[in-house]
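Numbers here simply count residues along the sequence, with the first being 1. The figures that follow rest on heavy atoms only: side chains count, while hydrogens, waters and symmetry mates do not.
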Amino acid sequence: MELITLKEVDSTNNYAKKNLEIFSDKTVVRALRQTSGKGRLNRSWVDLGEGNLFFSIVLKPSDKFCDIYANLTQYMSVVLCELLEEYGLAPQIKWPNDVLIDGKKIAGILSETVMLGANFKGLILGVGINLNAEIKDVKRVPDKLVTALSIELSTKIDAVEFLNKLLDKFFSNYDEFLDNGFEFIKSDYIKRACFLDKEVCVQLINETKHGIAKSVNDSGELVLEDDGKEFSLTIGDIL
């Protein structure tokens, strides 16, 4: 694993994609400041200042795309929860991969697949984690309940130490996850889920869906029930 640290960049995902050909598998790109961070469904990720984590992992697990690669964001959400629990917190997951503390978002995860025609070139796993911020900082994030680890613990967090712990956890079971897919983490994911058996509204790309969140299936899809009928969602965000 190679770690590249940039002083400032528009987006670590953009930087990783532009340099994908020259980056080896498991290269990690971190930025101290990120001016145009991206979230899921073309949303923005607000930079709360230095001391927070913005990084992307370049992954080239094979020459062909496999469906389980789409679940890598969920794998990262479980790994991040495990680490936050070591700090004495009780994190939860909002489908598909937002990590929350007491209903407030502390991290977002985004995966982007890079194809050249029909050829799979790799994927970029982008992660933003609020480690160090003040209450006044999180209040300026529009339309979101947001927190930071420093707020929850009332102490400053060493970002490098946190990143190293997270990457160690991520890669320790990475190969086993690739062999087994979402089922490898399903029980760990579900026990941290905060949305099950609740009525939810899910934002898709061009529409919204409503229903009771009944379960998460073996592929990591959200199973909703509406008017007695069940259907599965592959992509979207619970609002």
Side-chain angles (χ1 to χ4, degrees), residues 1 26 28 39-40 53 55-57 59 61-62 66-113 123-131 145-149 152-153 157 161-198 200 202 211-225 230 232-238:
M1 185 192 74
K26 301 180 181 178
V28 179
R40 287 171 47 80
L53 277 180
F55 68 95
S56 298
I57 308 174
L59 297 171
S62 70
C66 298
D67 290 340
I68 63 169
Y69 298 163
N71 301 116
L72 277 163
T73 59
Q74 291 168 307
Y75 171 64
M76 174 60 86
S77 70
V78 170
V79 171
L80 177 55
C81 282
E82 291 174 345
L83 180 54
L84 290 172
E85 286 161 1
E86 292 181 7
Y87 285 79
L89 300 177
Q92 294 178 307
I93 298 172
K94 185 177 75 172
W95 187 85
N97 50 55
D98 280 351
V99 177
L100 314 178
I101 304 292
D102 293 330
K104 294 169 287 188
K105 187 171 179 177
I106 195 170
I109 304 165
L110 169 71
S111 177
E112 296 186 82
T113 301
L123 61 88
I124 314 297
L125 187 63
V127 184
I129 308 171
N130 297 330
L131 289 186
L145 291 174
V146 175
T147 191
L149 189 54
E152 299 298 322
L153 300 180
I157 308 301
E161 178 182 321
F162 190 95
L163 177 60
N164 288 336
K165 288 180 179 179
L166 183 61
L167 293 175
D168 284 346
K169 278 186 171 292
F170 180 86
F171 286 117
S172 64
N173 291 310
Y174 171 72
D175 290 333
E176 193 167 358
F177 170 80
L178 292 182
D179 288 338
N180 296 279
F182 184 76
E183 291 181 74
F184 176 66
I185 60 165
K186 184 177 179 180
S187 62
D188 291 321
Y189 183 93
I190 288 177
K191 73 180 183 181
R192 297 175 175 91
C194 63
F195 52 87
L196 293 177
D197 299 319
K198 297 179 181 179
V200 298
V202 182
I212 302 296
K214 300 299 293 183
S215 64
V216 178
N217 64 23
D218 290 345
S219 298
E221 299 170 333
L222 177 63
V223 180
L224 291 186
E225 180 186 277
E230 291 190 355
S232 301
L233 300 178
T234 301
I235 189 172
D237 276 317
I238 293 178

Side chains of Ser62 and Tyr69: do they bring a donor and an acceptor to under 3.5 Å?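 Indeed, the side chains of Ser62 and Tyr69 share at least one donor-acceptor pair under 3.5 Å.
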
Spatial distance of atom [atom1] ([X]) from atom [atom2] ([Y]) [nearest 0.5 Å]:
X	Y	atom1	atom2	answer
Thr147	Leu100	OG1	CG	10.5 Å
Ile235	Leu222	CD1	CG	13.0 Å
Glu221	Ser215	CD	OG	10.0 Å
Lys214	Leu196	NZ	CG	10.0 Å
Glu230	Ile212	CD	CD1	11.0 Å
Asn97	Gln74	CG	CD	6.5 Å

Non-hydrogen atoms of [X] and [Y] that approach each other most closely:
X	Y	answer
Thr113	Leu123	CA-CB, 4.2 Å
Cys81	Val99	SG-CG1, 4.0 Å
Ile129	Ala107	CG1-CB, 4.0 Å
Gly220	Asn71	CA-ND2, 4.0 Å
Lys26	Met1	O-CG, 3.1 Å
Ile190	Val216	CD1-O, 4.2 Å

Just wondering, are more than 12 heavy atoms of other shown residues or ligands nearer than 6.0 Å to CG in Asp67?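 No, the 6.0 Å shell around CG holds no more than 12 heavy atoms from other groups.
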
Give the intermediate values and the outcome of side chain to side chain contact (heavy atoms under 4.5 Å, CB included) for residues Phe171 and Ile57. CA-CA 11 Å; Phe171 286 117; Ile57 308 174; 3.9 Å; yes

With heavy-atom distances below 4.5 Å as the criterion, would you say the side chains of [X] and [Y] are in contact?
X	Y	value
Thr73	Leu125	yes
Val79	Asn173	no
Pro96	Asp237	yes
Leu149	Ile101	no
Val127	Leu53	no
Phe195	Val202	no
Ile238	Asp98	no
Leu166	Phe55	yes

Relative to each other, are the rings of Tyr189 and Phe182 parallel, tilted or perpendicular (30° and 60° limits)?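 The rings of Tyr189 and Phe182 stand perpendicular, inter-plane angle above 60°.
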
Any ion pair linking Lys104 and Glu152 (charged N to carboxylate O, less than 4.0 Å)?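 Yes, this pair counts.
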
Quick one: which residue pairs count as a salt bridge (charged side-chain N to carboxylate O under 4.0 Å, His left out) with a foot in residues 177-191, not counting sequence neighbours?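 Only Lys186-Asp218, Asp188-Lys191 qualify under salt bridge (charged side-chain N to carboxylate O under 4.0 Å, His left out).
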
Step by step, would you call Val78 with Ile93 a side chain to side chain contact (heavy atoms under 4.5 Å, CB included)? CA-CA 8 Å; Val78 170; Ile93 298 172; 4.0 Å; yes

Just checking Tyr75 against Tyr174, ring centres under 6.0 Å apart?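 For Tyr75 and Tyr174, the ring centres are not under 6.0 Å apart.
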
